[in-house]
Every structure is written in C-alpha cells, then in structure tokens.
Amino acid sequence: MQRPCRITFVFISLFLVSPYGEKTGNKVTNYNIGAIIDVDSRIGKEEKAAFEFAVQSFNNDVSNNHKLSLYIQNSRRNPLLAATAAKKLIEEQEVIAIIGLETWEEAALVSDIGSRARVPVLSFAAPALITPSRWPFLVTMANGDSEQMKCIAATISSFNWKRVVVIYEDDAFGGDSGKLALLSEALSDVGSEIEYRLVLPPFSSVSNPNEVVQDELIKLFNVQSRVYIVLQSSLPMTIHLFEKAKEIGLIGRDSAWITTNTISNYFDSFNSSVISSMQGILGIKTYYDEGTNLYKTFYPQFRRTFRDENPEEDNFQPSVNALRAYDSIRTIKQAMDSDENSPDSLLKNILSSNFTGLSGEIHFQQRKLSHDPILRIVNVIGKSYNELDFWLPGTGFSKNNGYVGYISADFTGTVIWPDGSKLVPKGWAMPTNKKPMIIGVPARTAFEKFVKVEDGKHPGQKNYDGFCIELFYKVVNVLEYVLIYQFDPHNGTYDELVHKVYNKTYDAAVGDITILANRTTFVEFTQPYAATGLSMIVPVKPESSAWMFLKPFTTKMWLVTGSILIYTMFIVWFLEHQSNPDFRGPWNNQIGTVFWFTFSSIFFAHREKIYSNLTKVVVVVWLFVALILTSSYTASLTSMLTVQRLEPTVTDIEWLKRSNVKIGCDGDSFVRTYLEDVLKFKSYNIENVSSEYKYEGEFKSNHIAAAFLELPYGRVFLNHYCKKFTTTAPTYTFGGLGFIFQKGSPVARDFSRAILKLSEDGTLMSLEQKWFAPSPECSANVTEESKTDSLSIHSFWGLFIISVATYTVCLLLFLAYSLKRYWNHEEENNAGILPLVDESVWNKAMRLAKYIYNGKVCVRGEASAAPRVPDIYKWSSPTWDYDRSSSHISMENYEVKSQAESEIGIQLQAHN
C-alpha cells in the first residue's frame, strides 16, 4: 500500500477563523488554497518555499480583509497521486483554487476534477500542441514550448548542423508532451532534421539508473550526428545522463549539447560535481529580471526560508519555478479582492489579472499567459555559466533583452565548447584511425579517364586513378584538417552506389556521379566540379552540295547585292544615255549595254567610255564596293572548299524513334532510365555499351545509329574521334558531377568550399587539361565552332549605305542641273509671246520628261530642237572633243527657224 501523502499545513491568521469562508467579528475572511507539487524534488522544494513566503507576506498585510491558508500535497510527479490529492483537497479542505502541477499529465487529470467541482486550477505546465479549452476552469501559468523550439532550431541553423539527436525521458504515459513534434517542425523550417531519438525510461521505473543510461548512450556511437538536444528529463535522470555521457566520451571533441529550459532553469541548483560533467553545453533558460524592487525583496527572504527548510542543499538560488509559484499566490490574492467570492467570479477575476510579477507579465488570453517569455542562451563554464544571446519571441537573437538594438537571425555569442575550444564542432562523427571514413568508388566505369580501378601488385590491393580520384586528393590537401579515409570499390550501378551511402554502408562516394533531384533526397552532394547534360553522338559524313558557290553569302546578302547592282546600272544609264552614244539606241541595246558595263566593271573588263563626271564618281564607288565584295566572296568560298566540312548522319531524336533504330548508352548510369521515362525510347531499342572503346565498333557494325552520353563523356569521346563522330540535337542539362556524403555531413560543406577554391585558383582547369586533352589529330582539327559561316549583310551594311547615298546624291545633282537648264530654255523661248492657249499640267510634265530623256524640248505645236543638256563643257570630260565640230553643226541647225516663223506656226495652229 502506498505511503499516504504528506500534508503540510500553513495557517497564518491573527484571529481564530473557520476552515472556509467564515468571518470573525472583525470581518476577516479565511480562504483555503491547495498546492500539488513534488515536494521531494528540487523544484518542489523551491515552490514550497516560495508558496509559504508569499502566503506569509500577504497575511502579514494589515490592510487585507481576508487571510490565506495553504494545504500542500505531494504528488511525486505521478498523475494518479495528483488526481487523488486534488479530490481530497476539494472535498476535505474545501479549497477555492489549486496551484502547482509540474507536468502536463498531472494538470490534465486535475483539471478534469477541478472543472467538475468548479474549482480553478492554476497549472505550472502547459500543453505543447493542444489548447486547454476543454477544461473551463484550467488556467496555465506556463508558456508553450513553440518559441523555445524555434530558438533551438535557429541555434542549430547558425552553426550549420543538419542532423541532430534528440534525448528525452519518457513520461508516465509514454510520450514527450508534444515537444518532439514542435522541435521536428522547427528544425524542418531551417533545413535540419532529427536523425535519431534516444528515449530514456522514467527514472522512477529503473532500479539501476547508471547501467540503464550507459546502455542507452552506447547506442549513440552508431549514429553519425554528434549534436544532442536534451528535450526533457527529470533532475535525477539529468545528473546520471551527463555523468555517463562525459564518462564514455560523448561530451568532447566534435560534439555539441543543448538543453531545454526544463533542465537549464536549474543550472543554479546543481552542485559542482554535476556542473563539471556539463562543461561546454548550451542551455535555454527562461529570462527574468533580477533588478526589480520586488525581486530584491523576495530574494533574501526566499534564501532564508529555503536554507532553513533544506539545509542539505548547497545552492539556494531560486529558479523561475519559484518565481512563478510566488506569482500564482499573488494572482489568487488579487482575484479575491472583489466582493463576489463565487467560483465563477473568482475564475473571472483570475483571468482578468494584469500585473508584472517576478516571472514577468501576468496577463491571460484564452486561459493561458498571453505572451511568450524572453529566453536566454547560456554556456556552462567552470562552476557556473556565461550568459550569451537573448532570444526575443517573434524576432530572433539579440544582444540585449529589449526589441531595440542589435538583432540578428544567427547566434552571435562566443561559445566555449566541451573540448575547451572556441572552434565550432562539426557536430558529426569524424573519422579516426580506428574508424576511417569508408568511401565507395565506382569500379566499372565506361570512361576510365574519370575513374579507373585496377588490381594492385598484392592480392586484395586496388589502385585508384583518374580525374575524379586526383581531384579528391587535391581537395583533401585543401581541407583544414586531416581526413582519414579508405577507398572501397563498388561493382554496381551508380544508383546502387548512392543507396549504399544512404543506408550508411559507405560514409561517402567519390567518382563521376551525376547530381539528380531524386538523389538529393537521400544523400548530400558537394558543389559540382563539372557541368553535365545529355548529348547525342552520331557518325558524320562529308558535306557536299552542287550549290556550294552560293554559300559564301546569305540569301539576304545576295538579294541586297543584286539590288545594289541594279541600282548602279540605273544610275549609270541615267547619267550617260543623253550624251554617250554607247548608251543610246533601242531599249534592248541600252539595257544590255548598261548591264554589261556594270557587271564587267567588277573585273575591270569594261570597254565603254564614260563622259559625265558624275558617272565617274558613281563608277569609282561601285568599283570599290565590287572590290570588297569579290574579295570577301573569294576568301569565304576558299575557306569552305579547303576546310573539310562534316555533317551528322542523324539530327533529330524523333527520327530515331520513328525509324525504330537502336541507340547506345552506359547501362550503369541513369541515362537508360532517362531515355525510357523522359525521351520515351522503347526499352528493346536501347543497347548497353560498357566501355568508351566499344562505341566505335557498335557504329561501324551499324548496331546502333546514335549514342547518348553525358556531356563530359561526350567531350572525351569526341576528343579522340572528332573526324568520325559529332554531337547533335539539344543538350538536356543536369546538375553536374559531384561527390556524395551522408545527409547532414559537414564534410560535404568542406568539400564544396575546397572545390570552389580549386576552381578559382585554376587547379581544376589544369586537371581538366591534363586528363581530357584532345588527341593530336583532333587538336589540329577545325572544330564545330570554327566552321566558316556565310557572310551576312551585317558585315557590309555600312558599305552599302555609302554607295547608295553617293549614287542618290549624283542623281539629284544631275536632275537639279537639268531642271535649271530646262527652265532657262523655257524663259528664253517664251520671252515676249503671249500664251494663246493654256497648256495642261500633263503636257508640261511630258515635255519635261522628254527633255530629261532626250535632252530636247518640244515647242508648242512643234518639236523644235533645243540645246543638249547638260552643258558638255561643264559636265563632260575632254573625251568629247572629237565630236565638237558635229556639235556646232547641230547647234546651228537648232537655230534655223526664226522667231517670226515660230509665231506664224503657232497662230496657224490656233486658227485651225
């Protein structure tokens, strides 16, 4: 039979009063209050001392018209005992309220009893996930753990730890009070996760705690993560936990420990032996202000009371639970100040509380504290701890406890870690000589330049070589620490290699491993050291065409050149046909002459003479344009004919699928699956080719029509077979090539940083040139990028603009001078003659056009000869001198008719 609960009765009154609610002659009312705590624990001892001091202080106040009587029941953290004690307090002591309850399991059961009896219950424990709405008389004096879990997750993120181990003591109902779910969610938000959960049995259920704790902690050596979060634990279990962890070496180099406030709040209560086993750990404490007048009054009285009642304790510092106990008594006392003393009015008054207590602001919303407390991160050093950053709810880390000042998303405090250094631990089980890092290496690669595994001289010995292996050696040399490793050949597919790292058969894998989205779910990739994509390799054939002579120029270039030629022909004809007999005569002769002249001038083979100086300017510009065009055409055509031009035999992936031909790929890589699932090739048309040296034979035997290789492999292949094969079709891009590690491994980050460093200083490029240098015949071969392209108009548009502008200016000058001569001639012929008939605009335009074309002007009624225009002495060269005599004869014939005869002719025409 269980020992009956010890009852401590505190009765302080100036007068003899009845047990519940009776008034004396001085109208002083006495109220009974019940408290359910674990009296035997350090927490219970502090709460008991705080309760007694608070009751004594309020009862000593002469202004009070009511007094408090406190009845304390010992629950030993057992929910059933707590429920029994609550029923007894309500039925026997007729308490008006119940306070205490350190665990949520106790609070839930007692709240059921209190709600049925309509007795308010002030709990020091709060649920992690559910709201207390189902218990109408429950008021929680504690905060939820959501903000604390966010603080822990932010701390984990600040140190770039990706995996953690959670340790907690199982409660009486086999759970973790919902804290684990909150922590898992908070860690997920910062990109971290829980790798392992270590659940310790309830301390009261074990007979040999040291042995049980040691057996459980030994399991952690099989877990890679070395970041431990102690979620919840009773004080006795906490002491055994850290002493054993220190003893077996879990608290030391590369490890980090973080405790929640259920443990950290009692750092002040631990003796020196316990503190010595917790050196270097981080703790999350609930912050309270020790500078207030209320705290300065409370602190010495509490120490005196606690020391008198617990002389065996060597630390008398109050924790936040003692402060909360004092505030709970104050809350009830203020609620009783109203005239109404019914249970409903008491609950209403409690929920209306609004004051600043020892533990912080006391104000309720939805029957729980309305604000989250400020947290303080502390670091255990020596016999005590150093206070580091604050955690402000909803804001983040801060150097002070206010919302004004330096606020950061990352933890900024300087931590002394368990090994005594300030260097942030890896948080990972680093390899040692006894347990080196096992690294898997692909042993059957298709391209040996990347990874090559050969048998050594001795049985069982393997030699590793290749670009990836040498890069690994370079990275290890760059690391700031010594990495102890051991290679192990993997004879299987790349997906199987990834899975071996995932299931922890290998700690890492080094080789030409493609970064894919589905693989990142299982393993951690480093920074890619090479770009990857899927390219199609096909045989080539010499390019031949009957229209090769047209390829030096693009189609648009040919059209523009032809247009310039036609425009030049027109300008030369227009400037020359009036005065140059070579450009006169029937239309077909004129067109043939001007075409022959313009085209033959390209080769300087024209025989026609040029009379007009404007025409000479046009011809000079045309000859310059022709020289540039012919030189460029000759150079481009020569390059096309002398450099071997190869074209692929297949250019379209869809053609391969429609033709139902076979294709080749590396069967050990992901490419085969990609061809089937993404590009939709039929499985029976895909051939596995195990070596780069077999592809040429597969092509020659027409066994495959195309090969699909990742981009790095394709480049290596074409470096040796550049004259026989080429790449075509779009390249499908992937994440690159990288090394892989287990999820959360800090070594992956160090490798990524080292790869970037090698890339920046040129080491990576030197390795590529060493391993992937092209063969001699390919190094001198013209690559696909060096092929001669057709010349376009973009290279000559300036030349064409200059030529067209020059031609147009010459044409406009010729027209301007011709019009001037025409109007002068009109004025001379019409001087002194009155127009008898108005001439139409059409007739005038026709006469002007005929003048410009023939160089003659038609007099009204008869076509009379007029002087040739332009003036040959101003606009022609001396080459006309041979025909000057005939010109004089013609000019005399033009003046045969007199002015009178002209007038008579006009009058006769008018008369008719």
Side-chain angles (χ1 to χ4, degrees), residues 2-13 17-23 29-39 44 47-48 51-52 54-55 58-59 66-127 132-142 172 325 328-336 338 340-351 353 364 367-368:
Q2 195 172 18
R3 183 173 61 90
C5 300
R6 185 182 64 177
I7 301 176
T8 303
F9 171 68
V10 179
F11 178 79
I12 304 175
S13 180
V17 295
S18 59
Y20 179 75
E22 285 189 23
K23 297 182 179 180
T29 307
N30 186 76
Y31 294 98
N32 296 340
I33 299 175
I36 302 176
I37 58 177
D38 181 9
V39 177
E47 291 172 341
K48 178 176 177 294
F51 286 147
E52 294 173 351
V55 169
F58 296 136
N59 286 344
H66 49 257
K67 303 299 179 181
L68 301 178
S69 298
L70 180 66
Y71 294 88
I72 298 177
Q73 294 283 334
N74 187 5
S75 68
R76 300 190 187 91
R77 298 176 67 93
N78 188 316
L80 296 179
L81 289 180
T84 303
K87 188 175 182 180
K88 184 176 182 180
L89 289 171
I90 294 173
E91 294 178 351
E92 297 181 5
Q93 307 301 332
E94 298 181 353
V95 296
I96 62 172
I98 297 176
I99 57 178
L101 309 170
E102 300 165 11
T103 66
W104 174 243
E105 291 74 20
E106 296 176 77
L109 290 180
V110 173
S111 297
D112 275 334
I113 298 173
S115 296
R116 288 195 297 268
R118 306 183 68 79
V119 174
V121 177
L122 274 69
S123 169
F124 294 164
S133 57
R134 58 176 290 189
W135 300 284
F137 277 78
L138 171 65
V139 180
T140 58
M141 289 284 293
S328 65
I329 297 294
R330 182 179 177 185
T331 300
I332 295 176
K333 186 266 179 187
Q334 291 186 359
M336 293 188 304
S338 75
E340 295 186 33
N341 294 321
S342 65
D344 290 336
S345 62
L346 179 62
L347 176 64
K348 180 180 178 180
N349 293 335
I350 290 174
L351 296 177
S353 300
F364 299 99
R367 294 192 297 279
K368 61 181 180 180

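Values reported hereafter were calculated over all heavy atoms of this structure, with side chains retained and with hydrogens, waters and symmetry mates removed.
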**Q** Any sub-3.5 Å donor-acceptor pair from Lys368's side-chain atoms to Thr140's backbone N or O?
**A**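 Not a single qualifying donor-acceptor pair exists.
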
**Q** For the residue pair Leu70 and Ala35, what are the closest heavy atoms and their distance?
**A**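 Scanning both residues completely, I find the closest heavy atoms to be CD1-CB, 4.1 Å.
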
**Q** If we check side chain to side chain contact (heavy atoms under 4.5 Å, CB included) with Ile33, which of these qualifies: Ile72, Val95, Ile99?
**A**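 Single side chain to side chain contact (heavy atoms under 4.5 Å, CB included) partner of Ile33 among Ile72, Val95, Ile99: Ile99.
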
**Q** Check whether any side-chain N or O of Asn349 sits under 3.5 Å from a backbone N or O of Gln334 as a donor-acceptor pair, and report yes or no.
**A**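 No; judged by distance alone, with no hydrogens or angles, the pair does not exist.
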
**Q** Has the side chain of Asn74 got a donor or acceptor atom that lies under 3.5 Å from a matching backbone atom of Val39?
**A**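 Confirmed, Asn74 side chain pairs with Val39 backbone.
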
**Q** Enter the distance from Tyr71:OH to Gln93:CD here, rounded to the nearest 0.5 Å.
**A**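 Rounded to the nearest 0.5 Å, the OH-CD separation comes to 4.5 Å.
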
**Q** Search all heavy atoms of Leu89 against all heavy atoms of Gly34 and return the closest pair with its distance.
**A**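 Minimum heavy-atom separation between Leu89 and Gly34: CD1-CA, 3.8 Å.
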
**Q** What's the spacing between Leu346 CG and Arg118 CZ if we round to 0.5 Å?
**A**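 The CZ atom of Arg118 is 11.5 Å from CG of Leu346, to the nearest 0.5 Å.
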
**Q** For Thr331, enumerate each residue passing the side-chain contact (heavy atoms from CB on, under 4.5 Å) test, keeping only those at least two apart in sequence or located in another chain.
**A**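 If we apply the side-chain contact (heavy atoms from CB on, under 4.5 Å) test to Thr331, skipping adjacent residues, the hits are Leu122, Met141, Ile350, Ser353, Phe355, Ile362, Phe364.
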
**Q** Hey, mind stepping through Leu351 and Arg367 against side chain to side chain contact (heavy atoms under 4.5 Å, CB included) and telling me if it holds?
**A** CA-CA 6 Å; Leu351 296 177; Arg367 294 192 297 279; 3.7 Å; yes

**Q** State the CD1-NZ distance between Ile37 and Lys48, to the nearest 0.5 angstrom.
**A**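 Reported value, rounded in 0.5 Å steps: 7.5 Å.
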
**Q** With sequence neighbours left out, write down each residue that passes side-chain hydrogen bond (donor to acceptor under 3.5 Å, both in side chains) with Thr103, or none if nothing qualifies.
**A**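 For Thr103, the residues satisfying side-chain hydrogen bond (donor to acceptor under 3.5 Å, both in side chains) (neighbours in sequence not counted) are Glu106.
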
**Q** What residues form a side-chain contact (heavy atoms from CB on, under 4.5 Å) with Ala97, not counting sequence neighbours?
**A**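 Ala97 satisfies side-chain contact (heavy atoms from CB on, under 4.5 Å) with Ile332 once adjacent residues are dropped.
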
**Q** Nearest 0.5 Å please: distance from the CG atom of Asn59 over to the NZ atom of Lys333.
**A**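 Output value for this atom pair is 10.0 Å.
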
**Q** For residues Phe51 and Ile329, determine if any side-chain heavy atom of one lies less than 4.5 Å from a side-chain heavy atom of the other.
**A**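 Yes - at least one pair of side-chain heavy atoms lies under 4.5 Å apart.
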
**Q** Any non-hydrogen side-chain atom of Leu138 less than 4.5 Å from a side-chain atom of Ser123?
**A**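 The answer is yes, as the side chains (C-beta and beyond) meet within the 4.5 Å cut-off.
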
**Q** Quick one: does any side-chain atom of Glu102 pair with a main-chain N or O of Asp38 as donor and acceptor, under 3.5 Å?
**A**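 Checking the backbone N and O of Asp38 against the side chain of Glu102, a donor-acceptor pair under 3.5 Å is found.
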
**Q** Ala142 and Ala126: which non-hydrogen atoms are nearest, and at how many Å?
**A**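 Closest heavy-atom pair between Ala142 and Ala126: O-CB, 3.7 Å.
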
**Q** Evaluate Met336 against Thr29 for side chain to side chain contact (heavy atoms under 4.5 Å, CB included), listing each step before the verdict.
**A** CA-CA 10 Å; Met336 293 188 304; Thr29 307; over 6 Å; no

**Q** Kindly write out the residues that satisfy salt bridge (charged side-chain N to carboxylate O under 4.0 Å, His left out) with Arg116, not counting sequence neighbours, or none if the list is empty.
**A**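 Salt bridge (charged side-chain N to carboxylate O under 4.0 Å, His left out) check on Arg116 returns nothing, list empty.
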
**Q** Provide the closest heavy-atom pair for Ile113 versus Ala83 in the form atom of the first, atom of the second, distance.
**A**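 So the two residues come closest at CD1-O, 3.3 Å.
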
**Q** Would you name the heavy atoms of Ile90 and Gly114 that are closest together and state the gap between them?
**A**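 Scanning both residues, the minimum pair turns out to be CD1-CA, 4.4 Å.
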
**Q** Please test Val121 against Trp135 for side chain to side chain contact (heavy atoms under 4.5 Å, CB included), starting from the C-alpha separation and ending with a verdict.
**A** CA-CA 9 Å; Val121 177; Trp135 300 284; over 6 Å; no

**Q** Give the minimum heavy-atom separation between Asn30 and Asn32, together with the two atoms involved.
**A**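 Looks like ND2-OD1, 3.3 Å.
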
**Q** Roughly how far apart are Glu52 CD and Glu47 CD, rounded to 0.5 Å?
**A**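 Result: 12.0 Å between the selected atoms.
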
**Q** My understanding is that only residues two or more places apart in sequence, or in another chain, count here; which of them pass side-chain hydrogen bond (donor to acceptor under 3.5 Å, both in side chains) with Ser115?
**A**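 Scan of Ser115 (side-chain hydrogen bond (donor to acceptor under 3.5 Å, both in side chains), adjacent residues dropped) gives none.
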
